[in-house]
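Below you'll find the structure, written out as structure tokens, and then a few comments.
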Amino acid sequence: MSFSVTRVRHRNQKRTAIFGHTWTHIDRRVIGVKSSVMLDLRLIREDMEKVEKALARRNGGFSIRSLAEVDEKFRKTLAEWEGLRARSNQISGEFKTGKVAQEDKEKLKAESIELKANLANSDKEKTELAAKLDELLLAIPNLPDPSVPDGHDETGNVEQKRWGEIPKIANPKEHWELGTALRCFDFERGVKLSESRFTVLLENGAKMERALMNFMLDFHSARGYREVFPPILVNRTCMQGTGQLPKFEGDFYKCADDELYLVPTSEVSVTNLYRDDVLEEADLPIYHTAYSPNFRREAGSAGKDTRGYIRQHQFNKVELVKFCLPERSEEEHEKLTLDAEAILEALQLPYRRMLLCAGDMGFSAKKCFDLEVWFPGQDKYREISSCSNFGDFQARRTNLRYRPADGGKPRYMHTLNGSGLAIGRTLAAILENFQQPDGSVLIPKVLSPYLHGLEVLEPKR
RNA sequence: GGAGAGGUGGCUGAGUGGUCGAAAGCGGCUUCCUGCUAAGAAGUUGUACGGUCAAAAGCUGUACCGAGGGUUCGAAUCCCUCCCUCUCCGCCA
């Protein structure tokens, strides 16, 4: 299987074959975004009411009205500018023929110079409006799918299923207590090395973390996801493409000297793999799985989960990413969610699936399931995976298209992703769910092979 | 970090001021021809946004030769800045 990529390829660049595809390595570092992308401007023009209604279901006011105004002004200015250009080109054409009398030449020159001044004004206005339009468009979140329930926060989420039996544990301990006694975590030294919400994994924790990572990657690979390990530092274009920027600048770590960001999730790098490419319909769907460390500043989370290993600035995660035909994304979303659930089931961790309400969904998502794992020590379900369908939202921002089999014009594909799973939280959940009265923790059977057959973590005497 | 080279259409690759959206070849598509080892012939072939049209086709305007700016009546072509890629050296896992 291979596809040809219809994008520009630079000289001296070699095509690289990967997974049977070929792709081009291009980074145009497009900072400005064409106004035709983001939410479909056409949709906004044609059915503003529908868009407004859909957006109103999200938290925060997103007025389309100002956008429509700017759009109208922009198009008017564009038409003006194009008219001036047309005349200017016409004048150049006259010169080309060489049949212009000397005095007419002078006249034309004079007109052209005058035109140039007008053009400069018009151009400035056009550029400003385009920038304004992009700014507004980039700040608009995806429209919630009609099947997404109303609601403002997590209380509006709808439980869709439960799996597994909640273990009966007398006086359950929390994972940090267990993990500290089992020599999994050293929270103090993490703080010493960087700051709060950074943790050192000690031998058992380090080995468990690594075992989980390998187990999950193998598991997904066996189910048709192809493994990739992309860069952990990505440029701004990537972050904008998946929807992290420009709205949430404060949530991420950034290298001051390089305009590079530490990925908050490998969703960013993996989704951007095919940015600016035109794939063939036959290449879809594409499934990838990737491990990466993730870095989040957790701005706005002050006081939340300050103890333990649940909310860290740096954490490991195995991610699932899909690219598919628009008409298949709903089905692929369900399958992807089942793949994430399969990990929890293999590990024998009780969980439930929540359908997020419109107000609780992330910026780029059109529909999202959260998987929540049971934490006996906390006596509640906690998020461990988030499986989202983005529709064509990210595809527009990343210019990610495919050519239909019938040879028609390239169309935007759909992207999806989900955690499969957040490794730190999985470790914490294992500690809490498989804790024994003596403080030891049984290791899930599927994980033992990744730990040289180890079956139980025992506290040091 | 030092030195050099380079960025043009699906690909290769011409193009140093108007006749260039851009030669030629390859590839793709369409048609024709031939039966013989798969070749030949002809034509066609980028993207985006607008206008015209009931709509499509067609016609038409504008932009796009890495990005941005400048010179000029006019820029792929000249000048400046930046980005990226490649090669060699240094350093390094």
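Heavy atoms only: backbone and side chains are in, while hydrogens, waters and symmetry mates are out.
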Using Watson-Crick or G-U wobble geometry with both distances under 3.5 Å, which nucleotide pairs with [N]?
N	value
B/U72	none
B/A3	B/U87
B/G17	none
B/A24	B/U12
B/G50	B/U60
B/C65	none
B/C32	B/G40
B/U77	none

Pairing of A/Arg311 and A/Glu298 as salt bridge, 4.0 angstrom limit: yes
May I ask you to decide whether A/Lys109 forms a salt bridge with A/Glu94, counting only side-chain N to carboxylate O separations under 4.0 Å? no
Please report, rounded to the nearest Å, how far the [atom2] atom of [N] is from the [atom1] atom of [X].
X	N	atom1	atom2	answer
A/Leu119	B/A75	CG	P	11 Å
A/Arg85	B/U60	CZ	C1'	17 Å
A/Phe74	B/A48	CZ	C1'	12 Å
A/Arg403	B/U45	CZ	C1'	12 Å
A/Arg87	B/A63	CZ	P	15 Å
A/Arg396	B/C49	CZ	P	10 Å
A/Asp276	B/A48	CG	C1'	14 Å
A/Asn399	B/C64	CG	C1'	14 Å

What interatomic distance, in whole Å, is found between [atom1] of [M] and the corresponding atom of [N]?
N	M	atom1	answer
B/U47	B/G40	P	28 Å
B/G4	B/A41	P	48 Å
B/G74	B/U31	P	47 Å
B/G9	B/A67	P	10 Å
B/G15	B/U77	C1'	8 Å
B/G68	B/A76	P	13 Å
B/U34	B/A75	C1'	50 Å
B/G28	B/G18	P	35 Å

Centre-to-centre under 6.0 Å for A/Phe252 and A/Phe295, is that the case here? no
So, A/His220 versus A/Tyr287, ring centres under 6.0 angstrom or not? no
More than 12 heavy atoms of other groups within 6.0 Å of [X] [atom1]:
X	atom1	result
A/Glu52	CD	yes
A/Arg57	CZ	yes
A/Glu455	CD	no

Identify whether any heavy atom of A/Ala86 sits under 4.0 Å from a base atom; if not, whether one sits that close to sugar-phosphate; answer base, sugar-phosphate or nothing. sugar-phosphate
Looking only at side-chain N and O atoms, does [X] come under 4.0 Å of OP1 or OP2 in [N]?
X	N	answer
A/Asn89	B/U62	yes
A/Lys76	B/G50	no
A/Arg75	B/C49	no

Taking the minimum atom-to-atom distance to the side chain of [X], which one of [options] wins?
X	options	value
A/Leu78	B/C73, B/C49, B/A63	B/C49
A/Lys409	B/C49, B/A48, B/C73	B/A48
A/Phe95	B/A63, B/G18, B/C49	B/G18

Result for 5'-nearest mapping on RNA chain B, choosing between A/Lys116 and A/Asp123, is A/Asp123
Hey, does the side-chain of A/Glu82 have a donor or acceptor N/O within less than 3.5 Å of a partner on the base of B/G61? yes
